[in-house]
Structures are given as C-alpha cells and as structure tokens.
Amino acid sequence: MNLTPEQTAFRKTIRDFVLKELEPVASEIEQRGEFPHDIIRKLGNMGIMGVNYPREYGGLGLDTVCYAIAVEEISRACGSTGITVAAHNSLAIAPIYLFGTEEQKRRYVPPLARGEKMGAFGLTEPEAGSDAGATKTTALRDGDHWVINGSKCFITNASVAETYVITARSGDAPGTHGISSFILEKGMKGLKVGKKENKMGLRGSDTAELYFEDLRIPADNLLGKEGEGFKEFMITLDGGRISIGSMALGIAQGALDKALERSKERVQFGRPIKDFQAIQWKLADMAVEVEASRQLVYQAARLKDAGQRYTKESAMAKLYASEAASFVTHQAMQIWGGRGYMEDQPLERYYRDTRLCEIGEGTSEIQRLVIARQLLR
Ligand code: CAA
C-alpha cells in the first residue's frame with residue numbers, strides 16, 4: 001500500500017506501542033470485561049484520541065489515513081480498545097468539530113482530542129437502529145432551554161464518557177426532518193446511565209443505555225442547525241464507517257498473523273500444516289481479503305481527506321472489511337483447530353469481536369442499501 005513517509009512512520013509508532021503495551025494485556029481486558037482506562041490514558045498521551053483533528057483543537061493534526069491506521073493497528077491486538085477509540089474519535093468528536101460553533105469547538109473538542117475526557121454518541125433507540133430516523137426521544141424548547149426526554153441503547157462509552165452528542169426529535173416535521181443534535185455533559189440533572197450490556201465480544205468496551213428525564217439544557221447546547229440533525233449524523237456516520245472498516249481490517253490482519261504463526265507450529269501427519277496445499281490456499285485467500293479491505297478503507301479515508309463525498313466508498317469499505325473479517329477469523333480458527341476454540345488462546349476473541357463489525361454503525365444490509373442508493377442516484 002502506497003503510504004507517505006509520515007503515514008509509514010506513524011504506523012511504526014502505533015505498532016510499537018501496541019506490541020509493547022496492548023497485546024500483552026488484550027486477553028485479560030476481555031476476560032475481565034474491564035474498560036482499559038490505563039491504555040486509553042496512554043493513547044491519550046500519544047495523541048491517538050484525536051489523531052485527525054488540528055493541533056489548535058488538541059489533536060495530532062494528522063490525516064484520516066493515519067487515523068485508520070491507528071484503529072487498524074489497535075484492533076489488530078484488541079478490538080475492545082479499537083472500538084473505544086473509534087467511537088470517541090469519529091462519533092463523539094466529529095459532529096462537534098464538523099457542526100459546532102467556534103465556541104462549542106473550543107470548549108469541547110480539546111479535552112476530548114487530548115484524551116482527558118471520553119466522548120459518546122447517542123443515536124440508537126430500540127425502534128431506531130437501522131431506521132435511524134424513527135427517533136422517539138424528544139427535545140422541547142422552553143425559553144432559553146431545551147427539555148429532553150427519552151432514552152438511547154447500545155451506546156459505546158456511555159458510562160465512561162463526560163461529553164455526549166445525542167439526537168432528539170425537536171419539532172413537528174415528519175420523519176428525518178424534525179431531528180436535532182445536542183451536546184450533553186456528565187452530571188447534568190436528568191441524564192442517567194442505565195444498564196451496562198454484557199456482550200458476545202468486545203467485552204472490554206463500555207456499552208450501556210442512556211436515559212433523559214426532564215433533562216434541561218441551555219439553548220446553546222443545540223449542535224448544528226435545528227431540524228438538520230439527521231443529515232448531520234448521516235455525515236458523521238460516513239466517517240464512522242471508515243472507523244469500523246479499519247477495526248474489521250485490524251481484527252482480520254490480527255487473525256491472519258495468528259493463522260500464519262500457527263500453521264508453522266502445528267504439526268499433523270508428521271509435518272507443519274503450512275506444507276499442505278489446503279492450508280496454503282486458505283492463507284492466500286485470507287491475505288487477499290485483508291489486502292482488498294485495506295485498499296477500500298484507505299481509499300475512503302483518502303477521499304475524506306481530499307474533501308470529496310465518500311458516502312458510497314465508506315459504506316463499501318465497512319461492508320467489505322467486516323464481511324472479510326468474518327471470513328478470515330473463521331478460516332483462522334480452522335487452521336488453529338481445537339486449540340483455536342479454547343478461551344486461553346486469543347483466536348476465539350477475534351472470532352467473537354468481529355461480529356460487531358457487521359452490525360454496528362449500520363448493518364451489512366444497511367451498507368448495501370446506502371451503496372445501491374448512491375449508485376442509482
Ligand atoms: N450525507 C448527507 N446527507 C444524507 C446522507 C449522507 N450520508 N444520507 C442521507 N442523507 C440525507 C438525504 O439526502 C435526505 O435528505 P432530504 O430529505 O433533504 O432529501 C435525508 O438525509 C434523509 O435520507 P434518507 O431518505 O436516505 O433516509 P432514510 O430514512 O431512508 O434512512 C438510512 C437512510 C441509510 C437507512 C439511515 O437511516 C441509516 O444509515 N441507518 C443506519 C443507522 C446506523 O448506522 N446506526 C448506527 C448507530 S451508531 C453505532 O452503531 C455506534 C457504535 O458504537 C457501534
């Protein structure tokens with residue numbers, strides 16, 4: 001892959017950190033189901049919690065390709081840390097950076113980008129998952145305030161965040177047109193974090209419900225234009241899909257690394273199994289899927305950096321990389337055999353973690369819909 005010297009050097013920096021600090025504790029993070037506070041603090045010190053935001057807003061000032069590389073390399077060792085960084089960067093900071101007033105940007109972005117505070121994005125509701133426009137949470141204007149009532153579910157970083165971007169129906173306009181975004185802060189009266197979810201995988205990441213009970217916020221906490229929230233979070237999700245594509249790519253690369261190692265060590269019929277063509281073909285197919293995913297993910301990132309529309313390309317990258325990761329982790333487990341199915345080895349974690357990539361930030365079915373609509377425009 002053609003990377004600039006800066007992107008190549010950045011990959012080395014993040015890879016060195018991951019090998020030294022994250023990989024040794026990744027299985028423990030999963031088994032304990034504990035949020036990786038220590039790792040996130042270290043990533044914050046390195047600037048990874050705000051890779052592609054300008055330095056003047058507390059970020060590293062690098063491009064989206066570097067951001068994709070960061071999520072990829074982190075997820076290559078630990079999907080839980082990967083999704084934590086991804087949701088923080090591309091779902092919580094992005095809408096404030098893209099649609100906030102200068103005052104909102106100066107106030108909220110730097111502490112998030114420096115990793116001093118965590119951010120979360122509250123969009124999904126029980127009946128507004130794939131149908132994101134069906135939001136039932138309401139925001140009623142009352143003088144200089146908005147009063148918010150409702151709830152959100154499956155929110156990444158919900159119980160560790162101090163800054164939230166949430167969506168609510170703020171007017172009578174039907175469907176996707178009456179929705180607005182708002183910035184909330186931890187500690188606001190009426191903002192409650194609900195049940196923490198026990199998930200199939202990514203157990204070190206934080207996923208919980210949010211409740212808003214007569215939550216009164218200043219009118220200034222409206223983010224972007226009133227009634228334009230749907231379009232704003234669709235644009236946010238275009239970027240988020242690069243993140244999930246990068247995460248899937250990282251998990252797939254990690255599973256391929258482990259399959260290659262194991263194929264050299266595992267002896268059957270008197271030979272390392274790498275000598276068998278059946279295994280070589282699997283490894284070749286896996287490597288092709290990983291590389292194709294990488295091309296699509298980086299291409300979407302490059303279009304974003306070039307300021308071009310990338311709705312179709314980010315959906316393609318996310319769709320392809322997440323389905324490829326399911327294939328690659330499946331094949332890797334075949335190569336590992338029984339040992340790969342055991343919890344004391346990392347492979348079953350990769351296998352479980354990857355399922356989220358086909359669901360979160362728009363299912364594979366929704367990505368196909370987004371791509372088809374772009375093709376047929
Ligand atoms: N950029 C700009 N505008 C966009 C847009 C985009 N990418 N996508 C849609 N719009 C605009 C449309 O042009 C349209 O504008 P007009 O009304 O002015 O014509 C408006 O938004 C409505 O668009 P649609 O008619 O296409 O809306 P829809 O109701 O048919 O929904 C959808 C489209 C693609 C299905 C959308 O609901 C969707 O993406 N659903 C999936 C939601 C999702 O990804 N949720 C993930 C939650 S976050 C998460 O998972 C976090 C985690 O931590 C894992």
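Counting starts at 1 for both ligands and their atoms, in listed order.
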- Task: Write out the protein residues near ligand 1, meaning a non-hydrogen atom under 4.0 Å from one of its atoms, in order of chain and number.
- Result: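 Only L91, L123, T124, G129, S130, A132, T156, T176, H177, F230, K231, M234, I235, L237, D238, R241, R309, T311, G360, E361, G362, I366, V370, R373 have heavy atoms that fall under 4.0 Å of ligand 1, ordered by chain and number.
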Short side-chain to backbone donor-acceptor contact, [X] and [Y], under 3.5 Å:
{"X": "R203", "Y": "F35", "answer": "no"}
{"X": "T135", "Y": "A132", "answer": "yes"}
{"X": "N221", "Y": "F182", "answer": "no"}
{"X": "E289", "Y": "A284", "answer": "no"}

- Assess whether atom CZ of F276 is packed by more than 12 heavy atoms of other residues, nucleotides or ligands within 6.0 Å.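 Count over threshold, so yes.
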- Item | Atom NZ of K264 with >12 non-hydrogen neighbours under 6.0 angstrom |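 It does not: K264 NZ has 12 such atoms or fewer within range.
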